[in-house]
Amino acid sequence: MLVDWRRGALPGEPGRLRPAVVVEDDELFPDDYPNVVVVPLTRDEGLAHRSFAVRIDPTPENGADSTSWALTHHVSSVSGRRVTSTPSAVTVEQLDAIRSRIALAVGAR
């Protein structure tokens, strides 16, 4: 998926069209819920806080052409109108790792 964070971003926040991973449990929200809970991806390892980022290596399934990092400390709810679906996907194991790091980042662990 791609998320358009270009409108209204402040320094240090995602601020352009970038890939993201949907991390919400789709059974928690009704189909017509207007927002989506996501984690942005970056190729810039310097932005990847070592305690919270999850490395995503390229595979045929995820469609990535280079290593990227899921920035779990930037978990966010965004309007579905900012989201463009893609056929790319992370593995179940990667999603579990991302959710675990989110819990760590928000003090739930």
Side-chain angles (χ1 to χ4, degrees):
M1 99 153 34
L2 294 174
V3 175
D4 184 354
W5 271 295
R6 291 179 287 195
R7 292 170 263 157
L10 297 173
E13 296 178 327
R16 62 183 178 84
L17 188 64
R18 69 168 58 243
V21 176
V22 174
V23 296
E24 71 183 45
D25 182 337
D26 61 0
E27 293 187 16
L28 293 177
F29 300 95
D31 290 340
D32 61 347
Y33 189 72
N35 294 338
V36 181
V37 181
V38 299
V39 166
L41 297 175
T42 185
R43 292 181 182 165
D44 184 349
E45 188 174 355
L47 295 175
H49 188 287
R50 67 177 181 214
S51 296
F52 304 120
V54 175
R55 182 184 174 122
I56 308 292
D57 290 314
T59 67
E61 293 76 26
N62 66 25
D65 54 11
S66 64
T67 298
S68 57
W69 300 88
L71 302 178
T72 64
H73 56 296
H74 283 279
V75 63
S76 184
S77 175
V78 298
S79 169
R81 295 184 316 196
R82 290 184 183 258
V83 175
T84 302
S85 294
T86 67
S88 303
V90 295
T91 66
V92 171
E93 293 80 14
Q94 289 168 326
L95 182 58
D96 288 345
I98 291 168
R99 288 176 172 165
S100 177
R101 299 274 176 92
I102 291 169
L104 179 65
V106 300
R109 292 187 130 199

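- With sequence neighbours left out, S100 forms a side-chain contact (heavy atoms from CB on, under 4.5 Å) with R109.
- In this structure the side chain of E61 never reaches within 4.5 angstrom of the side chain of T91, judged on heavy atoms.
- Between the side chain of S79 and the main chain of R81, a donor-acceptor pair closer than 3.5 Å is present.
- With hydrogens and angles ignored, the 3.5 Å screen pairs a side-chain donor or acceptor of T72 with a backbone N or O of F52.
- A pairwise comparison of heavy atoms in R101 and S51 identifies CD-O, 3.3 Å as the closest pair.
- If you take CG on N35 and CZ on R82, they are separated by 10.0 Å, rounding to the nearest 0.5 Å.
- V23 and R99 get closest at one heavy-atom pair: O-NE, 3.0 Å.
- Residues L17 and L2 share a closest heavy-atom pair of CD1-CB, 4.2 Å.
- Hydrophobic cluster membership is shared by L28 and Y33, with clusters built from Ile, Leu, Val, Met, Phe, Trp and Tyr side chains linked at under 4.5 angstrom.
- Put simply, the side chain of R55 never gets that close to the backbone of A70: no donor and acceptor are under 3.5 Å apart.
- Two residues are said to be in side-chain contact when any heavy atoms from C-beta on lie closer than 4.5 Å; S68 and T42 fail this criterion.
- Here the closest non-hydrogen pair linking V38 and A20 is CB-CB, 4.2 Å.
- Among all heavy-atom pairs drawn from I102 and V39, the shortest one is CD1-CG2, 3.7 Å.
- The shortest non-hydrogen separation linking G63 to S88 is CA-OG, 4.2 Å.
- Criterion: ILVMFWY side-chain heavy atoms under 4.5 Å apart, direct or through other members. Under it, V22 and L71 are not part of a common hydrophobic cluster.
- W69 contributes atom CH2, which lies 12.0 Å from atom CG of L41 (distance to the nearest 0.5 angstrom).
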